[in-house]
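Worksheet: the structure to be examined is printed underneath.
Values below: all heavy atoms of this structure, side chains included; hydrogens, waters and symmetry mates excluded. Each residue takes its place number in the sequence, starting with 1.
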Amino acid sequence: MAKTEKPTLTKLELQIMQVIWRRGASTVTVVQEALPQDLAYTTVQTMLNILHRKGKLKRELHGRAFAYIATVTEAKASTHAVRDLVDRMFGGSSEELVMSLIKSRQIDPKKIAELSRRLEEEEN
């Protein structure tokens, strides 16, 4: 059975992508130094190669080192991650996600109303 590609990124993959989204084309050393945790050069290089194989990054030879460049925008990755979360955890129901946020007090009804007003203003 063929393994299906997950649209979402692992925590480390996301951290690496965030470095590249912020800084643009980056070498292994640049990414390694920008990560919040200390990782071996070879670990970072392996993760960049995995992201390259997954099609999330492309690479170009700059001198003697590869520079890695994002092929997917942060907005697109965020959209995929949210859609995946809604599908897996809430049966595809965005309303259930919002209700879960309200029930767990991560967002209150007043904030929902404020966001609704802002959305209406943007649409007009």
Side-chain angles (χ1 to χ4, degrees):
M1 181 177 193
K3 194 174 184 179
T4 58
E5 181 121 0
K6 296 194 302 188
T8 55
L9 300 167
T10 67
K11 182 177 179 179
L12 181 55
E13 288 172 343
L14 180 58
Q15 288 174 331
I16 290 169
M17 292 300 293
Q18 287 170 332
V19 169
I20 293 172
W21 287 323
R22 279 193 315 271
R23 297 177 180 232
S26 300
T27 62
V28 175
T29 301
V30 169
V31 172
Q32 180 188 27
E33 290 171 355
L35 289 171
Q37 68 273 45
D38 290 331
L39 294 174
Y41 180 93
T42 53
T43 300
V44 176
Q45 184 176 40
T46 297
M47 293 305 301
L48 287 164
N49 286 331
I50 288 168
L51 287 164
H52 176 253
R53 280 195 306 272
K54 287 182 172 184
K56 308 293 184 189
L57 298 174
K58 66 179 180 177
R59 62 184 179 195
E60 297 174 353
L61 195 55
H62 289 194
R64 294 177 41 178
F66 279 113
Y68 291 85
I69 302 144
T71 60
V72 61
T73 65
E74 189 169 8
K76 187 172 183 177
S78 175
T79 298
H80 282 287
V82 170
R83 181 79 260 152
D84 182 59
L85 173 70
V86 170
D87 288 345
R88 288 186 303 115
M89 296 297 297
F90 302 100
S93 172
S94 300
E95 294 83 2
E96 289 299 320
L97 167 63
V98 173
M99 287 302 297
S100 176
L101 292 170
I102 293 169
K103 287 177 185 175
S104 64
R105 300 183 190 274
Q106 293 184 40
I107 191 167
D108 61 40
K110 289 178 187 175
K111 189 66 167 177
I112 296 287
E114 177 189 327
L115 293 171
S116 292
R117 280 193 301 278
R118 284 177 47 193
L119 183 60
E120 286 176 16
E121 289 171 4
E122 287 181 15
E123 289 176 347
N124 295 328

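Of the possible polar contacts, one joining the E13 side chain to the T10 backbone as a donor-acceptor pair under 3.5 Å is found. A donor-acceptor distance shorter than 3.5 angstrom exists from the side chain of T71 to the backbone of G55, with no hydrogens or angles considered. Judged by distance alone, the side chain of S104 and the main-chain N or O of S100 form a donor-acceptor pair under 3.5 Å. The backbone N or O of A65 sits nowhere less than 3.5 Å from a side-chain atom of T27 that would complete a donor-acceptor pair. Counting only distance, with no hydrogens or angles, the side chain of T43 and the backbone of L39 share no donor-acceptor pair below 3.5 Å.
Using a 4.5 Å heavy-atom threshold, the side chains of L57 and I69 count as separate.
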Is there a side chain to side chain contact (heavy atoms under 4.5 Å, CB included) between Y68 and V28? Walk through the geometry before answering. CA-CA 8 Å; Y68 291 85; V28 175; 4.1 Å; yes
Evaluate side chain to side chain contact (heavy atoms under 4.5 Å, CB included) for N49 paired with F66, printing each intermediate quantity in order. CA-CA 10 Å; N49 286 331; F66 279 113; over 6 Å; no
For L51 and L9, what are the C-alpha separation, side-chain angles and deciding distance, and is it a side chain to side chain contact (heavy atoms under 4.5 Å, CB included)? CA-CA 9 Å; L51 287 164; L9 300 167; 4.0 Å; yes
How far apart are the C-alpha atoms of L48 and I20, what are their side-chain angles, what is the distance that settles it, and do they pass the side chain to side chain contact (heavy atoms under 4.5 Å, CB included) test? CA-CA 10 Å; L48 287 164; I20 293 172; 3.8 Å; yes
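Under 4.0 Å is where a charged nitrogen must lie from a carboxylate oxygen, and between E114 and K111 at least one such pair does.
Linking Ile, Leu, Val, Met, Phe, Trp and Tyr residues whenever their side-chain heavy atoms come within less than 4.5 Å places L14 and V44 in a single cluster. Hydrophobic clustering, with ILVMFWY side chains joined whenever heavy atoms are under 4.5 angstrom apart, groups I102 together with L97.
Atoms CD and CG, from E33 and D38 in turn, are 10.5 Å apart once rounded to the nearest 0.5 Å. To the nearest 0.5 Å, atoms NZ (K76) and NZ (K56) are separated by 8.0 Å. Interatomic distance, D108 CG to L101 CG, rounded to the nearest 0.5 Å: 11.5 Å. Within the model, atoms CG of L35 and CD of Q15 stand 6.0 Å from one another, a figure rounded to the nearest 0.5 Å. The structure places CE of M99 at 10.0 Å from OG of S93, a figure rounded to the nearest 0.5 Å. A distance of 11.0 Å separates CD in E121 from OG in S116, rounded to the nearest 0.5 Å.
For the salt bridge (charged side-chain N to carboxylate O under 4.0 Å, His left out) test, residues two or more places apart in sequence or in another chain that qualify with R83 are D87.
Side-chain N/O atoms of Q45 and Q32 include no donor and acceptor closer than 3.5 Å.
In R88, the CZ atom is crowded: over 12 heavy atoms of neighbouring residues, nucleotides or ligands sit closer than 6.0 Å.
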